[in-house]
Amino acid sequence: MLNGKGILFDVTLCIGCGACYQACKEENDLPNTNKEYLKDHLSENTLTIVEQYGDKYARKLCMHCNEPSCVSVCPVGSFKKNEFGAVIYDKNKCIGCRYCMQACPHKVPRYEWGKTQPRVRKCNLCSKRLKEGKLTACAEACPTEATLFGDMEKLIEVANSRLKNNPTKYYQHIYGLEEAGGGHVLVISPMPFEQLGYTAMLPDKPMPELTMRAMEKIPSVVAAGGIFLTTMYWLTKRKNQIAREEKKQLFKSENRNNGNKYHEEL
Ligand code: SF4
Ligand code: SF4
Ligand code: SF4
């Protein structure tokens, strides 16, 4: 039994309207990035996409893995799984090493390259909305229920019954149930998933197990890089904090000398 919430995306029901794409942008306060939404790609400003393959459409977003490799490789614990099973990110911990981007089997996390204080961006399964008892914005906006939100247990039941009751309509596999250890986003489709751009040939084993094994083979000098980066991050942060404090003190004393009391409380 798989607890938590998730999404079932059914390719046979998707009409490519882009309502999920637009709703995600609005929910996450993201700018428009492409007039032709079907040609957009995942980026720091686009957390889900709808791609066209002939007369079929395929959604891509974070799969909210059961044992996520983004969580396991992050040296400072910026990623964690929450009570819904969503994998969420804490920008205050992130040191910008981007190991998560390398480790993700679905190539999901994106980086804010253009910002002075860049964050990693990806879908967070609308966790704020879930806490308020709402559906994800993409599921709420979908006019055909191609994107269905609900309890994982129920979604698996629905997917299995659609496959069983319509053997010629569906390719007999639920993508995301076992790939890389499975996750909280499932896809069913009339054709093999690699024909819709989903990452094929993923092992059923959770990727952290594989990344951990690979990391065991990394020389200690490389592993020490993570610790070095963390230390540098904290040192830089501390240095900036001290510099800010010093500036503040200097500013206060200058204003005091000028008899200006207005900035006393800064
Ligand atoms: S799909 Fe990638 S980013 Fe999303 S939870 Fe899995 S490993 Fe992390
Ligand atoms: S769950 Fe929320 S953040 Fe994720 S793709 Fe849907 S609308 Fe976007
Ligand atoms: S809103 Fe629904 S039908 Fe429209 S593109 Fe998204 S998943 Fe497909």
Side-chain angles (χ1 to χ4, degrees), residues 4-30 37-38 40 42-53 55-74 78-82 84-89 98-111 120-132 134-150 175-176 179-189 196 198-199 202 206-211:
K5 305 283 185 187
I7 284 174
L8 170 63
F9 173 64
D10 186 335
V11 176
T12 69
L13 296 175
C14 181
I15 54 172
C17 66
C20 51
Y21 166 92
Q22 201 52 46
C24 181
K25 292 247 176 205
E26 280 160 26
E27 179 63 28
N28 292 288
D29 207 12
L30 297 168
Y37 63 87
L38 291 171
D40 205 355
L42 289 180
S43 72
E44 70 271 32
N45 291 319
T46 303
L47 311 184
T48 184
I49 49 170
V50 184
E51 291 175 328
Q52 185 166 16
Y53 294 85
D55 62 348
K56 300 285 180 285
Y57 302 94
R59 279 195 70 194
K60 309 282 161 61
L61 66 156
C62 171
M63 302 296 278
H64 298 283
C65 303
N66 294 326
E67 293 182 54
S69 37
C70 56
V71 172
S72 69
V73 297
C74 180
S78 292
F79 287 94
K80 68 168 189 195
K81 266 190 98 69
N82 70 10
F84 304 109
V87 176
I88 55 165
Y89 164 79
R98 303 186 293 280
Y99 285 174
C100 52
M101 292 169 65
Q102 300 297 325
C104 173
H106 299 282
K107 302 183 180 65
V108 167
R110 293 296 193 271
Y111 197 59
V120 171
R121 301 305 310 271
K122 69 168 204 70
C123 155
N124 63 6
L125 201 65
C126 283
S127 289
K128 194 166 152 243
R129 289 175 62 95
L130 304 197
K131 281 187 185 143
E132 294 163 0
K134 296 179 184 164
L135 312 181
T136 62
C138 52
E140 190 175 84
C142 180
T144 64
E145 292 198 338
T147 294
L148 199 60
F149 171 81
Y175 185 84
E179 279 77 9
H184 286 239
V185 175
L186 309 174
V187 186
I188 50 176
S189 141
L196 297 167
Y198 292 99
T199 314
L202 287 172
M207 296 299 276
E209 209 176 298
L210 303 173
T211 30

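Numbering of ligands and ligand atoms starts at 1, following listing order. For reference, positions follow the sequence shown, starting with 1.
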- [ ] May I ask whether G16 places a heavy atom under 4.0 Å from ligand 3?
- [x] yes
- [ ] Search all heavy atoms of A141 against all heavy atoms of A23 and return the closest pair with its distance.
- [x] CB-CB, 3.6 Å
Open item on the list: Counting non-hydrogen protein atoms only, what is the nearest one to atom 8 (Fe) of ligand 3? Give residue, atom name and distance.
Closed with: C14 SG, 2.3 Å
TODO: Could you find the nearest protein heavy atom to atom 4 (Fe) of ligand 3 and give me its residue, atom name and distance?
DONE: C17 SG, 2.3 Å
Task: Enumerated ligand 1 atoms positioned under 4.0 Å from heavy atoms of C70 - done: 3 (S), 5 (S), 7 (S), 8 (Fe)
Open item on the list: With heavy-atom distances below 4.0 Å as the criterion, list the atoms of ligand 2 near N28.
Closed with: 3 (S), 8 (Fe)
Open item on the list: Quick check on Y21 - does any of its heavy atoms sit under 4.0 Å from an atom of ligand 3?
Closed with: no
Open item on the list: Please determine whether any non-hydrogen atom of C138 lies less than 4.0 Å from an atom of ligand 3.
Closed with: no
- [ ] Only heavy atoms count here, so choose which of C104, P68, G181, G85 is nearest to atom 2 (Fe) of ligand 1.
- [x] C104
- [ ] Please could you name the atoms of ligand 3 that F9 approaches to less than 4.0 Å, counting only its heavy atoms?
- [x] 7 (S)
- [ ] Working to the nearest 0.5 Å, report the span between OH of Y57 and CG of L38.
- [x] 6.5 Å
- [ ] Could you tell me whether ligand 2 has any atom less than 4.0 Å away from a heavy atom of R59?
- [x] yes
Task: Which of the ligand 2 atoms, numbered from 1, are nearer than 4.0 Å to a heavy atom of T136 - done: 1 (S)
Open item on the list: At less than 4.0 angstrom from any non-hydrogen atom of C20, what atoms of ligand 3 do you find?
Closed with: 1 (S), 5 (S), 6 (Fe), 7 (S)
TODO: Report yes if some heavy atom in the side chain of Y198 is under 4.5 Å from a heavy atom in the side chain of H106; otherwise report no.
DONE: no
TODO: Report, in ascending order of atom number, the atoms of ligand 1 lying under 4.0 Å from any heavy atom of C65.
DONE: 1 (S), 5 (S), 6 (Fe), 7 (S)
TODO: Enumerate the atoms of ligand 1 whose separation from the nearest heavy atom of H106 is less than 4.0 angstrom.
DONE: 1 (S)
Open item on the list: Is any side-chain heavy atom of F79 closer than 4.5 Å to one of V120?
Closed with: yes
Open item on the list: I need the atoms of ligand 1 closer than 4.0 Å to a non-hydrogen atom of P109, numbered in the order shown.
Closed with: 3 (S)
- [ ] Start with the C-alpha distance between L61 and Y21, add both sets of side-chain angles, then the distance that settles side chain to side chain contact (heavy atoms under 4.5 Å, CB included), and finish with yes or no.
- [x] CA-CA 10 Å; L61 66 156; Y21 166 92; over 6 Å; no
Task: Side chain proximity check, I88 to K80, heavy atoms < 4.5 angstrom - done: yes
Open item on the list: Below 2.8 Å, can you find an N, O or S atom of C62 next to atom 8 (Fe) of ligand 1?
Closed with: no
Open item on the list: Give the atom numbers and elements of ligand 3 that come within less than 4.0 Å of a heavy atom of C142.
Closed with: 1 (S), 2 (Fe), 3 (S), 7 (S)
TODO: Taking atom CD of Q102 as the centre, report whether more than 12 heavy atoms of other residues, nucleotides or ligands fall under 6.0 Å from it.
DONE: no
Task: Least distance between heavy atoms, V185 atom then C62 atom - done: CG2-O, 3.3 Å
Task: 4.5 Å side-chain heavy-atom contact, C20 and V50 - done: yes
Task: Salt-bridge present (E27, R129; N to O < 4.0 Å) - done: yes
- [ ] For ligand 3, indicate whether the residue T144 contacts it via side chain, backbone, both or neither (heavy-atom separation under 4.0 Å).
- [x] side chain
TODO: Within a distance under 4.0 Å of any heavy atom of A19, pick out the atoms of ligand 3 and give their elements.
DONE: 1 (S)
Task: side chain to side chain contact (heavy atoms under 4.5 Å, CB included) evaluation trace for T46 with L30 - done: CA-CA 7 Å; T46 303; L30 297 168; 6.0 Å; no
Open item on the list: Is any side-chain heavy atom of D40 closer than 4.5 Å to one of E51?
Closed with: no
Task: Heavy-atom check, side chain of C138 versus side chain of R59, under 4.5 Å - done: yes
Task: Ligand-side contact atoms (ligand 2) for residue partner C24, heavy atom cut-off under 4.0 Å - done: 3 (S), 5 (S), 7 (S), 8 (Fe)
Task: Proximal atoms of ligand 1 relative to S69 (non-hydrogen, under 4.0 Å) - done: 7 (S)
- [ ] Check each atom of ligand 3 against the heavy atoms of P143 and keep those under 4.0 Å away; list them by number with element.
- [x] 1 (S)
Open item on the list: Between T147 and I7, is there a side-chain heavy-atom distance shorter than 4.5 Å?
Closed with: yes
- [ ] For P105, take its heavy atoms, then give the atoms of ligand 1 lying under 4.0 Å from any of them.
- [x] 7 (S)
Task: Side-chain touch H64/C123, heavy atoms, less than 4.5 angstrom - done: yes
Task: Identity and separation of the nearest protein heavy atom to atom 7 (S) of ligand 3 - done: T147 OG1, 3.2 Å
Open item on the list: If the cut-off is 4.0 Å to any non-hydrogen atom of T48, which atoms of ligand 2 fall inside it?
Closed with: 5 (S)
- [ ] Name the closest protein heavy atom to atom 1 (S) of ligand 1, giving the residue it belongs to and the distance to 0.1 Å.
- [x] M63 N, 3.5 Å
